[in-house]
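Since the structure comes first, as structure tokens, the remarks are kept for the end.
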2 protein chains.
Amino acid sequence: MLQKADLDALDWKILRELQNDGRMTNVELSQRVGISAPPCLRRVRQLEKAGIIRGYRALLNAPALGYDVVAFCLIGLKHQADAELKVFAERTRNWPIVRDAWMVSGESDFLLHCVAPDLGTFQGFVIEDLTSAPNVDTVRTALTIRKVKEEGLVRIGQS
Amino acid sequence: MLQKADLDALDWKILRELQNDGRMTNVELSQRVGISAPPCLRRVRQLEKAGIIRGYRALLNAPALGYDVVAFCLIGLKHQADAELKVFAERTRNWPIVRDAWMVSGESDFLLHCVAPDLGTFQGFVIEDLTSAPNVDTVRTALTIRKVKEEGLVRIGQS
DNA sequence: GATGAAATATTTGCGCG
DNA sequence: CGCGCAAATATTTCATC
């Protein structure tokens with residue numbers, strides 16, 4: 001199976017292009033990275049099989065869909081036993097406003113990436129759902145003003 | 001141009017499927033949502049043209065690529081004048097460790113989503129780059145333990 | 001929204017560097 | 001051993017109803 005060390009510059013070029021446009025046709029991809037289509041497709045399939053490419057996803061425009069509020073919530077729990085953490089993690093999966101959630105270490109226990117139609121809905125979620133959920137100690141929120149960077153993974157270090 | 005209100009249940013089904021697998025062929029997509037291929041493709045193209053689908057992207061497996069550390073940084077600046085905010089935003093774009101960055105309101109001014117090969121690299125970034133950057137006041141970090149949710153946008157509310 | 005045909009892309013096998 | 005070429009297969013796309 002493919003390992004990180006096995007990736008050459010061509011593989012990283014492929015990854016860069018597919019992160020930019022995951023629906024690019026294989027022939028266009030092959031032209032961009034400078035090889036012909038068949039070996040290009042073989043590399044892509046290998047990257048997929050090795051799990052390096054986890055999948056492909058359409059990106060949606062939240063404001064165009066009526067979701068004007070994007071915010072992050074930092075949650076501190078009262079008790080951090082393993083079972084308690086799992087309970088809260090499961091809870092985040094049932095809140096449609098929460099798009100991504102991470103268990104973190106530091107001052108907080110969870111970080112939630114939230115999207116809501118308007119401020120009222122988000123505030124309602126914070127007050128009625130988050131703050132009043134069992135075992136929740138602290139809730140700090142950061143409303144986003146704008147996204148200033150959104151990029152895929154790149155090779156750090158060599159060349 | 002397509003507006004949020006114009007989206008029917010079929011459009012949302014399409015969006016859900018393409019968020020799950022952005023490389024699905026149009027014939028498979030059409031079967032999943034229960035219509036024939038041409039009208040399905042027409043809807044997808046409209047969603048793209050309206051900017052509701054912003055693009056497509058391959059998702060990479062960071063650990064498999066040797067990126068074991070994922071963390072969030074909350075940055076407070078000393079001065080938050082518009083020009084200063086722009087300078088810091090531009091700075092985030094030049095740090096390869098920073099994958100996504102948001103300007104936020106609240107206790108902090110920026111939130112950075114960071115990925116690094118190892119803890120030493122991340123700590124080096126925090127100390128040498130972040131903390132010592134001009135105008136940076138406070139840096140709080142939250143190392144992620146694991147991702148507990150990662151989902152696309154869904155329709156909140158009706159049906 | 002469905003049907004069928006034309007244009008294009010993907011995929012496979014085989015020879016070459 | 002992996003790359004490039006060319007034919008078979010599948011998909012996207014456009015006309016029309």
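Every chain is numbered from 1, with letters handed out A, B, ... down the list of sequences.
- Residues A:L143 and A:V70 fall within the same hydrophobic cluster, defined by Ile, Leu, Val, Met, Phe, Trp and Tyr side chains chained together at heavy-atom separations under 4.5 Å.
- Closest-nucleotide positions on DNA chain C for B:P39 and A:P38 were compared, and the one nearer the 5' end corresponds to B:P39.
- Using a cutoff of 4.0 Å between basic side-chain nitrogens and carboxylate oxygens, A:E17 and A:K13 are not scored as salt-bridged.
- In this structure, A:L47 atom CG and D:dG2 atom P are separated by 13 Å, rounded to whole Å.
- To the nearest angstrom, C1' of D:dA10 lies 13 Å from CG of A:L41.
- At D:dT12, none of the side-chain N or O atoms of B:R45 fall inside 4.0 Å of OP1 or OP2 (strictly under the cut-off).
- Close to D:dG2, at under 4.0 Å from its OP1 or OP2, lies no side-chain N or O of A:R43.
- Residues of residues 24-36 of chain B that place a heavy atom closer than 4.0 Å to DNA chain C, in numerical order, are B:I35, B:S36.
- A salt bridge links A:E150 with B:R54; the closest basic N to acidic carboxylate O contact falls under 4.0 Å.
- The nearest whole Å value for the distance from the CG atom in A:D8 to the C1' atom in D:dC3 is 13 Å.
- In terms of heavy atoms, A:R93 sits closest to B:K149 at O-NZ, 3.4 Å.
- You won't find any donor-acceptor pair under 3.5 Å spanning the side chain of A:R42 and the base of D:dG2, going by distance alone.
- The heavy-atom pair separating B:F122 from B:A71 by the smallest distance is CZ-CB, 3.5 Å.
- The shortest heavy-atom contact between B:L111 and B:F72 is CD2-CD2, 3.7 Å.
- Ring geometry, A:F88 versus A:W95: the interplanar angle exceeds 60°, so the pair is classed perpendicular (tilted spans 30 to 60°).
- Rounded to whole angstrom, the span from the CG atom of A:L10 across to the P atom of D:dC1 amounts to 20 Å.
- Closest of all the heavy-atom pairs between B:L77 and B:D137 is C-CB, 3.7 Å.
- An angle of 30°, rounded to 10°, separates the two end axes of the helix from C:dG1-D:dC17 to C:dG17-D:dC1, each defined over five pairs.
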Can you check salt bridge (Lys or Arg N to Asp or Glu O under 4.0 Å) on A:R43 and A:D11, steps first, answer last? CA-CA 7 Å; A:R43 280 170 182 264; A:D11 290 315; 3.1 Å; yes
